[in-house]
Amino acid sequence: MKPKLLIVELWGLGDLVIATPFLRAAVEKFDVTLLAKPFAIDLQPRLWPGVCVETFVAPWTAFKNKYHVWNWPFLEMTRLRHRLAQENFDFGFSARWDPRDHLLLKIFGAKNRIGFPRVHSRIFLTQPLARPHPEAHRYEYWRVIARVLNIELPAREKISIPAARSHEGVLIHSGAGQPVRVWPLEKYKKLAEHLRQKNLQVRIACDPDQRGWWLRAGEENVTTPVNVSELIALTDRAGAFIGNDSGPGHLAAFCGVPTFTIFGPQLPEWFAPLHPRSEWIEGKACPYMPCSDYCRFTKPFCLWNIGEEEVFARAEKFLAAQM
């Protein structure tokens, strides 16, 4: 019998994709349960088929009104607690320095609770860990946990990425989890036109709230994936990916597709996609960067001030090396 391991990762699509090397390695030594948002169910067959997924949308992961506790799903949370407590997990951890995660590990009854303490959350942990260097990529947090559990994880530059299933065309995805991460759609349209003038096949994908804009702009074949399974199928038909700092870009990278990311308020050194041929352009300087998407200004100037010609030149160079 393998020891039971509970992993708490309650945030975004990109965060789960970054966890993929750990999840794949962990199932060799542990019976792994992942507590995550429902889209993890779509990721599981493709990225980590040996992992058991337990779904939960934590109310504190909402961007706004996260602490309107009168709206929290307390009945669902109580049922989740009973369900996971019955598993008698030998180990539990979160790769985030989030006291709420650490409290969950305690509530769920994991015997050995591992994590990066903050705001006195070490009282919930049996093994508090020192965080990696402040400029370290998010993947490094998973490597620290891996060493504690005697799991071997490669360095970021040595991660094994599958080959792309297609080498046809460029997929531009204009969406992101938050508006402050979206490079202006008008600029994406000009980028698509520029690449098509270079005889490159370009497909446009977007978030549902952007679809109307693209249709009005004349992009008749814009695709709007409604779930992660559809996004994976779309990505599998691409030879390269261009988009914002977002979950689709991270997913494309781990599906074998080289990515070019237009960063804004976040830092590439923290969140660059894991594909070895991924490239990016950094957001313009801002005294508040990174701002965790809570921009102090009416517009995210760090992102909006990235010029079209600057992106055209960098994207062309990137695509010349991929296509």
Side-chain angles (χ1 to χ4, degrees), residues 4-58 61 84 89 91-98 100-102 104-105 108 110 113-116 129 131-132 136-162 177 228-229 231-232 235 245-257 259 261 266-276 278:
K4 290 186 175 183
L5 172 64
L6 173 64
I7 301 171
V8 177
E9 178 48 85
L10 296 169
W11 292 81
L13 175 62
D15 299 299
L16 274 180
V17 174
I18 290 172
T20 293
F22 180 94
L23 292 168
R24 287 179 170 176
V27 296
E28 300 298 322
K29 292 188 174 183
F30 294 90
D31 180 359
V32 178
T33 296
L34 170 67
L35 182 65
K37 288 183 175 175
F39 50 67
I41 293 176
D42 288 343
L43 290 174
Q44 186 253 8
R46 177 67 174 267
L47 297 186
W48 2 273
V51 171
C52 174
V53 175
E54 184 77 43
T55 64
F56 176 50
V57 180
T61 62
L84 292 183
F89 290 104
F91 297 89
F93 79 85
S94 166
R96 293 179 169 274
W97 54 100
D98 190 331
R100 297 162 297 192
D101 288 359
H102 304 154
L104 287 180
L105 295 174
F108 296 148
R113 301 178 297 279
I114 305 166
F116 304 97
L129 304 175
R131 289 165 57 181
H137 193 277
R138 280 289 301 143
Y139 174 65
E140 293 306 314
Y141 289 77
W142 294 95
R143 293 190 73 206
V144 171
I145 298 284
R147 286 193 287 271
V148 172
L149 296 174
N150 294 315
I151 295 172
E152 293 188 13
L153 279 191
R156 177 181 157 199
E157 62 274 10
K158 295 184 178 180
I159 295 173
S160 178
I161 300 291
V228 171
S229 294
L231 181 59
I232 291 173
T235 301
D245 170 27
S246 64
H250 287 284
L251 180 60
F254 230 92
C255 288
V257 180
T259 63
T261 304
Q266 285 289 15
L267 304 179
E269 53 262 45
W270 287 359
F271 291 109
L274 293 177
H275 196 290
S278 288

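Quick note: numbers below take in every heavy atom, side chains included, and nothing from hydrogens, waters or symmetry partners. Everything quoted here is computed from the prediction, not taken from an experiment.
- Of all non-hydrogen atoms in S94 and I145, the two that sit nearest each other are O-CD1, 4.3 Å.
- Atom CG of L251 sits about 12.0 Å away from atom CD1 of I18, to the nearest 0.5 Å.
- Of the candidates R138, R96, K37, R96 is the only one forming a side-chain hydrogen bond (donor to acceptor under 3.5 Å, both in side chains) with D15.
- Taking CD1 from I114 and CZ from F91, the interatomic distance works out to 6.0 Å, rounded to the nearest 0.5 Å.
- Under a 3.5 Å cut-off, the side chain of Q266 and the backbone N or O of F271 do not form any donor-acceptor pair.
- Residues L13 and L231 form a side-chain contact, since some pair of their non-hydrogen atoms from C-beta on lies under 4.5 Å apart.
- Residues satisfying the side-chain hydrogen bond (donor to acceptor under 3.5 Å, both in side chains) test with T235, not counting sequence neighbours, are none.
- With a 4.5 Å cut-off on side-chain heavy atoms, K29 and L149 do not count as touching.
- With hydrogens and angles ignored, the 3.5 Å screen pairs a side-chain donor or acceptor of E9 with a backbone N or O of W11.
- In summary, the aromatic rings of F108 and F89 are positioned with their centroids too far apart to meet the 6.0 Å limit.
- The minimum heavy-atom distance linking L16 with A40 is given by the pair CD1-CB, 3.7 Å.
- Not less than 6.0 angstrom separates the ring centroid of F116 from the ring centroid of W97.
- Once rounded to the nearest 0.5 Å, the distance linking OG1 of T20 with CD1 of I159 reads 9.5 Å.
- Taking 4.0 Å as the cut-off between side-chain N and carboxylate O, R147 and E152 do not count as a salt-bridged pair.
- Minimum interatomic distance between A253 and T259 (heavy atoms only, all atoms of both residues): N-CG2, 3.8 Å.
- The two residues Y139 and P154 make their nearest non-hydrogen contact at OH-O, 2.7 Å.
- The closest side-chain heavy-atom distance from C255 to R46 is below 4.5 Å.
- Summarising the geometry, atom NE2 belonging to H250 is positioned 12.0 Å from atom CZ belonging to F254; distances are rounded to the nearest 0.5 Å.
- Residue E28 holds its CD atom at 10.0 Å from CD1 of I151, rounded to the nearest 0.5 Å.
- Donor-acceptor pairing under 3.5 Å is lacking for the side chains of T261 and D245.
- With rounding to the nearest 0.5 angstrom, the CG atom of D101 is 10.5 Å from the CZ atom of F93.
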